[in-house]
Number of protein chains: 2
Amino acid sequence: MRTRAEELAVQCGARLEISGIAVSDLERKRSGHVPADLLTTDAMELVRRPSTDIVVELIGGMEPAGRLVRTALEEKKPVVTANKALLASFEGVELRTLAMRQGVDLLYEASVAGAIPLVRALRESLTGERIHRVMGIVNGTTNYILNRMSEQGSDFDTALSEAQAKGFAERDPTADIEGHDAAAKAAILAGVAFGFDVASPDVMREGITAVSRVDIDFAQQLGYSIKPLAVIERTGDDALSVRVHPSLVHRSHPLAGVRDAFNAVFIEGEAAGELMLYGQGAGGLPSASAVVGDLIDAVRNWSAGTTAPSAIRRPARLLPVSEVRARYCVSLEVADRPGVLAAVSTVFADHDVSIRALEQAGHDTGARLLLVTHFAREGDVQATLQELDDLEVVRRIGAVLRIVGDRE
Amino acid sequence: MRTRAEELAVQCGARLEISGIAVSDLERKRSGHVPADLLTTDAMELVRRPSTDIVVELIGGMEPAGRLVRTALEEKKPVVTANKALLASFEGVELRTLAMRQGVDLLYEASVAGAIPLVRALRESLTGERIHRVMGIVNGTTNYILNRMSEQGSDFDTALSEAQAKGFAERDPTADIEGHDAAAKAAILAGVAFGFDVASPDVMREGITAVSRVDIDFAQQLGYSIKPLAVIERTGDDALSVRVHPSLVHRSHPLAGVRDAFNAVFIEGEAAGELMLYGQGAGGLPSASAVVGDLIDAVRNWSAGTTAPSAIRRPARLLPVSEVRARYCVSLEVADRPGVLAAVSTVFADHDVSIRALEQAGHDTGARLLLVTHFAREGDVQATLQELDDLEVVRRIGAVLRIVGDRE
């Protein structure tokens with residue numbers, strides 16, 4: 001039987017040799033056998049070294065990773081990276097352009113949804129496909145939290161503590177629960193699936209911290225599950241809406257069944273129809289699997305003097321957030337007295353937001369009003385909310401959740 | 001904005017021109033604009049024509065498709081095909097060998113699970129991955145039938161008629177309900193995921209016709225869904241078990257939620273962990289999407305003088321069916337009198353098959369006994385069934401369903 005290294009050599013068409021490994025601390029104890037003479041603290045020298053043919057960047061963050069990747073591409077050395085922050089930045093857009101201009105691979109399967117072969121599926125299998133929409137659970141932490149809240153009846157803080165105890169959430173959970181992590185992945189997916197240059201700051205972003213048990217109960221009554229979604233949607237020939245927010249998906253939708261910290265991305269294409277890719281979105285081994293897949297690709301392409309296909313690049317024309325249309329589920333804490341309902345519904349009507357379903361529930365110090373709208377413009381809904389906030393009878397505006405997965 | 005043809009040209013790195021289209025009837029009315037001078041009835045001449053660089057075979061069946069594909073490969077012309085019957089035959093194994101020897105692409109994403117980018121994911125993204133098991137709902141017709149039986153309480157014949165009325169099942173449904181279609185796909189997947197040369201006749205195959213409403217009710221009580229699965233499982237370093245049969249999967253398993261005529265393939269890898277790819281497994285447009293993806297690949301590789309990676313080929317060592325281990329759910333119609341249970345359990349015990357759960361249900365003319373075993377050898381279970389069949393108190397042996405998705 002062949003060893004794994006020999007199999008890899010056959011798969012790559014070339015024997016791989018590690019030129020060097022740049023680390024920040026030479027003395028740190030490492031598991032496994034890492035020959036000391038491969039280690040260096042001078043990452044730039046390693047990238048520039050003539051014997052280095054391919055660069056794998058697993059540092060993360062903006063610098064020095066950005067500088068190293070740029071140098072590698074300038075020297076026409078293919079780069080495999082898992083660096084979502086870098087790729088989703090404006091600099092990431094420039095690096096992709098540079099890679100294309102240099103005719104060299106910049107591969108980043110591990111940057112979105114771990115081992116799920118998502119980037120490759122979009123870049124290669126679906127390259128002839130006109131994609132309408134991509135909806136993804138791309139952050140496992142927030143899926144875990146919302147799943148615990150739905151299935152165990154936990155409140156947000158308890159679910160977050162559990163996620164931290166299980167190692168699904170960082171001690172500082174901001175990047176996950178405020179949607180920054182998902183926004184970076186949405187920006188990368190917009191590029192891969194639609195060929196648009198989008199960076200994180202372009203993505204409309206809403207965290208999951210406003211979601212309460214009451215919202216979840218109401219959603220469940222209506223037949224919906226609450227999921228942390230990144231939505232990238234074609235809104236015209238050259239226009240796109242890219243956003244990240246807690247969303248309601250109908251329980252019959254495949255995304256509704258994605259539990260725990262799993263990731264899944266649902267793709268709607270003109271010819272391919274509905275596709276979903278599901279798997280572990282994080283963790284050392286799944287990410288390593290994606291990196292190795294890319295590395296084999298990079299070696300094969302490099303040997304053949306070719307590169308992986310990349311989406312045709314278009315200037316990004318993003319739909320203003322106010323123009324996005326969806327159905328909404330709105331939760332309001334109101335005074336418990338006659339006339340409140342009339343006052344509230346008048347505000348909705350004044351802004352052309354039509355109410356589809358409504359429920360009033362008891363509450364300690366007042367009442368809670370839960371409403372589902374027909375399809376409405378985000379701008380109109382926001383104007384409605386602003387005016388509601390000024391109403392004396394409205395004590396607090398709770399979660400505003402978009403229903404996703406159905407068509408207007 | 002670019003036309004789709006122009007986009008395709010950019011994606012391929014070359015402008016595609018249709019050299020000719022071989023048809024069986026020149027006069028047949030065709031939808032869309034098909035220039036008459038492209039049509040020919042001489043497929044072999046078209047394949048051999050010097051101006052033909054790449055061949056797309058969408059005839060299906062063994063001959064003349066096999067001869068045409070062989071000729072193309074002998075002339076070093078890449079072939080894109082959706083022909084699962086051919087690929088899963090012994091001739092298919094030879095054709096794959098021929099393609100490798102000739103250094104020319106033989107691409108067949110459309111042959112398994114329609115537009116789901118499964119073949120590419122296994123061949124490219126997971127090429128560095130040690131895969132433990134692949135479990136797939138690869139036949140939409142049988143998934144639809146079992147789903148209707150589970151959710152609507154239909155009996156088998158009603159569900160089959162509905163599937164036929166909806167166009168999910170052929171007028172002669174044998175290939176689907178007897179598992180021939182799934183067995184061909186299992187053989188192809190064994191090659192792509194594990195590098196084993198397996199042909200349809202090597203696959204253990206059981207249809208879904210023996211499944212009754214009672215079996216489904218019992219399974220549901222135990223928390224299982226019934227699914228038509230193809231299972232390809234590593235049983236040793238160089239050994240594989242390849243089989244197709246109705247299976248019980250726990251309702252928390254992602255495969256349990258795959259409804260209607262959708263396909264899904266669940267992959268368990270050493271590093272990648274659990275992955276699932278979901279989508280439409282059949283239909284003209286999804287299949288066309290897969291063919292176009294492959295075609296773009298073929299053109300790109302052909303221009304670069306390279307080929308798509310293929311799994312390392314190993315001689316197939318298939319685990320004899322009698323050695324497969326699983327948990328079983330067995331349904332027996334028995335006489336309704338004392339001592340039956342003792343007689344039946346003695347037979348199980350005599351063959352080392354340990355019973356985990358048991359239920360007795362009323363029945364028109366006797367009683368029905370439903371049993372779940374612990375992990376047991378298929379050979380032992382079959383011996384048990386044979387002896388049960390000889391027992392005077394056992395009137396009929398109903399479904400024997402394997403529980404899949406858990407580990408021993």
Side-chain angles (χ1 to χ4, degrees), chain A residues 1-2 4 7-8 10-13 109 114-117 119-122 124-130 237-238 252 254 256-259 262 264 266-267 269-280 283 285-286 288-290 292-297 300-301 303-306 309 311-312, chain B residues 1-2 4 7-8 10-13 109 114-117 119-122 124-130 237-238 252 254 256-259 262 264 266-267 269-280 283 285-286 288-290 292-297 300-301 303-306 309 311-312:
Chain A
M1 223 194 110
R2 288 195 184 91
R4 296 297 300 282
E7 288 198 0
L8 210 59
V10 175
Q11 284 156 338
C12 291
E109 183 69 82
I116 306 177
V119 173
R120 187 183 320 256
L122 288 166
E124 302 189 8
S125 302
L126 300 172
T127 182
E129 181 76 24
R130 187 174 177 84
D237 261 342
D238 259 330
S252 64
V258 177
R259 303 176 67 238
F262 278 92
F266 192 83
I267 302 165
E270 192 167 283
E274 299 179 349
L275 292 173
M276 188 172 85
L277 312 187
Y278 163 103
Q280 279 163 260
L285 278 176
S289 165
V292 170
D294 274 353
L295 180 60
I296 293 173
D297 236 23
R300 291 179 47 88
N301 292 338
S303 308
T306 176
I312 296 169
Chain B
M1 223 193 110
R2 289 195 184 91
R4 297 298 299 281
E7 288 197 0
L8 211 58
V10 175
Q11 283 156 338
C12 291
E109 183 71 80
I116 306 178
V119 174
R120 187 183 319 257
L122 289 166
E124 303 188 8
S125 301
L126 300 173
T127 182
E129 182 76 24
R130 187 175 177 83
D237 261 342
D238 258 331
S252 65
V258 177
R259 302 176 67 237
F262 277 92
F266 192 83
I267 302 164
E270 193 166 283
E274 299 180 350
L275 292 173
M276 188 173 85
L277 312 188
Y278 163 103
Q280 279 162 262
L285 278 177
S289 164
V292 170
D294 273 353
L295 182 60
I296 293 173
D297 237 22
R300 291 178 48 88
N301 292 338
S303 309
T306 177
I312 296 168

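Letters go in sequence order (proteins before strands), and every chain restarts at 1.
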Return the minimal non-hydrogen interatomic distance between A:Glu270 and B:Leu285, and the atom names on each side. O-CD1, 4.3 Å
Would you say the side chain of A:Leu275 lies within less than 4.5 Å of the side chain of B:Pro117, judging by non-hydrogen atoms?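 They are in side-chain contact.
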Relative to chain B, which segment of [X] carries a heavy atom at a distance below 4.5 Å: side chain, backbone, both, or neither?
X: A:Glu109; answer: side chain
X: A:Leu277; answer: both
X: A:Ala304; answer: both

Is B:Ile116 close to chain A through its backbone or its side chain, or both, or neither, when contacts mean heavy atoms under 4.5 Å?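 Both backbone and side chain of B:Ile116 come within 4.5 Å of chain A.
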Under a 4.5 Å cutoff for heavy-atom pairs, which residue among B:Gly273, B:Ala115, B:Ala271, B:Gly305 has the most contacts with chain A?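 Top count of heavy-atom pairs under 4.5 Å with chain A: B:Ala271.
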Quick one: of A:Phe262, A:Tyr278, A:Phe266, who has the most non-hydrogen atom pairs under 4.5 Å with chain B?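 The candidate making the most pairs under 4.5 Å is A:Tyr278.
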Chain B shares the most heavy-atom pairs under 4.5 Å, among A:Pro254, A:Ala256, A:Ala288, A:Gly293, with A:Pro254
Taking B:Glu274 for the side chain and A:Gln280 for the main chain, is one N or O donor matched with an acceptor at less than 3.5 Å?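 No, B:Glu274 side chain to A:Gln280 backbone: no donor-acceptor pair under 3.5 Å.
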If you round to the nearest 0.5 Å, how far is CD of B:Glu129 from CD1 of A:Ile296? 10.0 Å
